[in-house]
Amino acid sequence: MTASYNKIGIIGAMVEEIELLHKHVEKTGSFAKAGIEYVEGMLHGKRVVFCKSGVGKVNAAVCTQLLIDAGVDCVLFTGVAGAVEPSLNIGDIVVSTSCLQHDMDCTPLGFARGQIPFQETWEFHAAPELVEIASQACETLFPGRSVKGKVLSGDQFVADRGEVRKMHEELGGACTEMEGAALAQVCVMNDVPFVVIRSMSDKADGSAHVNFNEFTVQASVNSHRIIDEMLKHM
Ligand code: SAH
């Protein structure tokens, strides 16, 4: 499959998640806004703009809107997450079919967990074409190690097995992280296609902080390689 995008936005939350872009993108310029540096350049003959959003939903939302204002026509997220789907191991990959804020909670008012009150949708769907390109890139690089699934986001580092079980059973999540649903909501509000690629750094359980420190670099490298492979087909 080959698609055609004029200017591709790429976001990572942490330095580990974007450092290979710094190495491989042929830089043509940069600008700063809201304390975030946006680097413009070429990768595999495609125009890209990439940046480090910082951790959490507010950082991701601001960063995504500024990237869209800079004229990108799709947004890719590269990074790490905690596994929620029980079959996933550290190093496996989740390609977002949709994203939802697990910490949006107005249940005392009768809303479902994750539901944004008075809004038609609170599960934000990734662009099917980008999901396919990402999944094919995963199969090429890491056969049998990726799933398509729902990414759950919240302003919490999740390190609790009971919470993970609930996230899977009640919300149908595949992985949990801290930015995807914010980026997804901003993209949907602007009618810009997106996909989130997350390589598992931990299992969001009692060992998550140890695993996160140990596996973030390798998991970030894997996510970067998928984005890199995707660009050859965009
Ligand atoms: N850089 C800091 C904080 C990282 S917060 C540190 O080194 O401690 C965790 C980051 O990784 C977030 O960007 C989040 O999206 C992702 N992440 C990985 N595992 C996660 C988990 N179990 N729960 C929530 N976010 C997780």
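Computed from a prediction, not measured in an experiment: that's the story for all the values here. Counting starts at 1 for both ligands and their atoms, in listed order. Keep in mind that the numbers below use all heavy atoms, side chains included, and drop hydrogens, waters and symmetry copies.
A salt bridge does not link D105 with R113: none of the charged nitrogens is closer than 4.0 Å to a carboxylate oxygen. Ion pairing of K33 with D69 is absent here, as no side-chain N (NZ or NE/NH1/NH2) approaches a carboxylate O to less than 4.0 Å. A salt bridge links E132 with K148; the closest basic N to acidic carboxylate O contact falls under 4.0 Å.
Between F118 and F111, the angle of the ring planes goes over 60°, which puts this pair in the perpendicular group of the 30/60° scheme.
Residues lining ligand 1 at a heavy-atom distance below 4.0 Å are given as A13, M14, V55, V80, A81, G82, Q156, F157, V158, T176, E177, M178, E179, R198, S201, D202, A204, F212, ordered by chain and residue number.
Of the N and O atoms on the side chains of N59 and E179, not one donor lies less than 3.5 Å from an acceptor on the other residue. Neither side chain, S220 nor E17, offers a donor N or O lying under 3.5 Å from an acceptor on the other.
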